[in-house]
Amino acid sequence: MSNVTVCVRFRPLSSKEKKDLGDNICIQSMDSETVIIKDEKEEGFAFSFDKVFYEESKQADVYEFLVLPIVRDTVNSINGTIITYGQTGAGKTYSMEGPNILESDEKKKGILPRVVDGLFACIKTSADSTKYTVKLSMVEIYMEKVRDLFDLSKDNIQIKESKTQGIVLSGATEISLSDTAEALQSLSTEMNMASSRSHCVYMFTLNQESISEKRVKSGKLILVDLAGSEKVEKTGAEGRVLEEAKTINKSLSALGNVINALTCGSPAKANHIPYRDSKLTRMLQDALGGNSRTALLCCCSPSPSNASESLSTLRFGARAKHIKTSPLVKVSEEKCSKKNGDASGTRDESFEKILEKMSERLNDEDIKLLEELFIQAGLFVDPDSEEDLESAIQDVVQQTISSLMKAVEELRSTVEMLQRENNAMKGRLAVAERCDALPGENADFLHKIFGFLSSFIPEM
């Protein structure tokens, strides 16, 4: 297992920040891994990360430390995810894309074009006996809907889960890429359609076929440029923009809840991880605690005017640093020609094969229940083997157990609340009986005092 790699990047002060507060900053560099930030009350907080990049940092520095190791792992069939997080204007998109995806100035290139360069550079140095196929999908999560940026008619793509493939975007367009120039041109054209008020996701899939050994391996590299996180009241947004901001904050809150569940739970207790609370967390399920090597770049402003948002971003990164993932290489010994085709099959065919197989050991009522569970769980699998069928069943069982555990926790909380109320009622009755046992005037007086106190102390 490995921890999520977390780095922080402070951009230079903007012209507006300099105009308002001069060259004042709210951060103090301790070393390349530790920074102290002061909040609005001038109270200092120290944070340590894998690396802290300050305003003089270069695009190449961020890529080589944070991203390049994951690019190399992807070519070796280990899944990877890179996420940029921070308030609007903190430098996320500049770090991810640069001034322009087709930027010719090598110094200004962002993570995305460097990833494309890195992938094809690694492929060119690979053995001649290995054949690579590179595919790209681009989607955005806007108002809790996943939209295909290569085909805008697909504006509500469903997120599925397979034991063998992990998280899958059912029906999302995949284009094959042959070289760096073609990849960058495709990205540049479609990125113009992405909204700045949405989460943008780039998914590279690399399949490598060993001609001599008849093996197929695949790796996925996902780049996520999150929408800005900031207080709604500070933006002054109204109308539809306000609704967009609320939806963004809701999905980012769900992301924070997932991270808290992954890092704050007891190892001896199976905690419910709320991946399904938003499309964003569902899509990032593999990256957060699953089969992926994950890196997070927290982008911040150094200005005192944004100290509150920057402190929130650093706290988010500090929590994420404790997440552990389990990146693995999955090798298939099956015929290469089969894996080069559509391995997922259609949803209906998958269900039919699974249910037909299970009908041999289950009655009609159990089959109907299983079908409903498949629909609720949103599973999408390739049931060509017994192992896949068993995996599908395990997925359903795990989802059902998770839901039942959540229901049990809610029921336990309700029972505890009722017990407290019951004890409080018993206490009231006991006091009332004692009051009644006293002489008339004293009893009336104590009843009034007791009633007065009960309005302030519900437990009485």
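In this text, all values refer to a predicted model and were calculated from it rather than measured experimentally.
For Asp73, the salt bridge (charged side-chain N to carboxylate O under 4.0 Å, His left out) test picks out Arg293, with sequence neighbours left out. Evaluation of the side chain to side chain donor-acceptor pair (under 3.5 Å) rule for Asp20 yields Lys16 as partners, not counting sequence neighbours. Under the side-chain contact (heavy atoms from CB on, under 4.5 Å) criterion, Glu421 pairs with Met417, Leu418, sequence neighbours left out. In this structure, the side-chain contact (heavy atoms from CB on, under 4.5 Å) partners of Leu206, at least two apart in sequence or on a different chain, are Thr74, Val75, Leu119, Ile123, Val134, Phe204. With sequence neighbours excluded, the residues satisfying side-chain contact (heavy atoms from CB on, under 4.5 Å) with Glu174 are Lys135, Ser137, Thr205. When the side-chain contact (heavy atoms from CB on, under 4.5 Å) test is applied to Thr173, the partners found at least two apart in sequence or on another chain are Asp148, Phe150, Asp151, Lys154, Ile175. For Thr294, the side chain to side chain donor-acceptor pair (under 3.5 Å) test picks out no residue, with sequence neighbours left out. Scored by the side chain to side chain donor-acceptor pair (under 3.5 Å) test, Ser176 finds no partners at all (sequence neighbours excluded). The side chain to side chain donor-acceptor pair (under 3.5 Å) search around Thr180 returns none, not counting sequence neighbours.
If you check the side chains of Ser303 and Ser301, you find no donor sitting under 3.5 Å from an acceptor.
Residues Val6 and Cys298 come closest through the heavy atom pair CG1-SG, 4.4 Å. When all heavy atoms of Tyr142 and Ser198 are compared, the closest pair comes out as CB-CB, 4.0 Å. Residue Cys7 comes nearest to Asp50 through the heavy atom pair SG-CB, 4.4 Å, listed as atom of the first residue, atom of the second, then distance. Residues Leu280 and Ile141 come closest through the heavy atom pair CA-CD1, 3.7 Å. The nearest pair of heavy atoms linking Tyr275 to Thr281 is O-OG1, 2.6 Å. Residues Ser170 and Lys160 approach most closely at CB-CG, 3.7 Å, considering heavy atoms.
The structure places CG of Asn257 at 11.0 Å from CD1 of Ile273, a figure rounded to the nearest 0.5 Å. One distance of note links CG of Asp39 with OG of Ser312; it measures 12.5 Å at 0.5 Å rounding. With values rounded to the nearest 0.5 angstrom, Leu226 atom CG is found 8.0 Å from Leu296 atom CG. Put simply, CD on Glu17 and CG on Asp23 are 11.0 Å apart, with the number rounded to the nearest 0.5 Å. Within the model, atoms CD of Gln208 and NZ of Lys131 stand 13.0 Å from one another, a figure rounded to the nearest 0.5 Å. Taken from CD in Glu309 to CG in Leu314, the straight-line distance is 12.0 Å, to the nearest 0.5 Å.
The shortest side-chain heavy-atom distance between Val139 and Met283 falls under the 4.5 Å cut-off. The shortest side-chain heavy-atom distance between Met203 and Lys220 falls under the 4.5 Å cut-off. Residues Val62 and Ser95 have side chains not in contact (no heavy-atom distance under 4.5 Å, counting atoms from C-beta outward). Side-chain contact between Glu161 and Arg276: present, with at least one pair of heavy atoms (C-beta onward) separated by less than 4.5 Å. Under the 4.5 Å side-chain criterion, counting only non-hydrogen atoms from C-beta, Val8 is in contact with Cys300. Between Thr325 and Val4, the closest side-chain pair of non-hydrogen atoms falls below 4.5 Å. Residues Leu288 and Thr81 fail the side-chain proximity criterion, which asks for heavy atoms closer than 4.5 Å. Two residues are said to be in side-chain contact when any heavy atoms from C-beta on lie closer than 4.5 Å; Val201 and Leu284 fail this criterion.
Under the 3.5 Å distance criterion, the side-chain polar atoms of Lys92 are matched with a main-chain donor or acceptor of Gln87.
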Checklist entry - Where do Leu221 and Ile82 land on the side chain to side chain contact (heavy atoms under 4.5 Å, CB included) test, with the steps shown first? => result CA-CA 8 Å; Leu221 178 57; Ile82 299 151; 4.1 Å; yes
Checklist entry - Can you list the steps and then say if Lys321 with Asn3 is a side chain to side chain contact (heavy atoms under 4.5 Å, CB included)? => result CA-CA 6 Å; Lys321 196 176 185 309; Asn3 285 72; 5.7 Å; no
Checklist entry - So Glu144 and Lys279, salt bridge (charged side-chain N to carboxylate O under 4.0 Å, His left out) or not? Walk me through it. => result CA-CA 6 Å; Glu144 276 303 289; Lys279 295 293 178 65; 5.4 Å; no
Item to check | side chain to side chain contact (heavy atoms under 4.5 Å, CB included) between Glu182 and Phe120, intermediate numbers included | outcome: CA-CA 11 Å; Glu182 182 183 24; Phe120 284 100; over 6 Å; no
Checklist entry - What do the steps show when you test Glu140 against Leu149 for side chain to side chain contact (heavy atoms under 4.5 Å, CB included), and what is the final call? => result CA-CA 7 Å; Glu140 69 168 4; Leu149 293 180; 4.1 Å; yes
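Sorted by first and then second residue, the pairs that involve residues 108-124 and meet salt bridge (Lys or Arg N to Asp or Glu O under 4.0 Å), not counting sequence neighbours, are Glu106-Lys109, Glu106-Arg114, Lys109-Asp117. The ring pair (Phe, Tyr, Trp, His ring centres under 6.0 Å) analysis of residues 152-184, with sequence neighbours excluded, yields no pairs. Sequence neighbours left out, the pairs with a member in residues 294-327 that pass ring pair (Phe, Tyr, Trp, His ring centres under 6.0 Å) are Tyr85-Phe316.
Ring orientation note: the planes of Tyr54 and Phe10 are close to parallel, at an angle under 30° on the 30°/60° scale.
In this structure, Arg315 is positioned above the aromatic face of Phe45, its NZ or CZ under 6.0 Å from the six-membered ring centre and within 45° of the axis.
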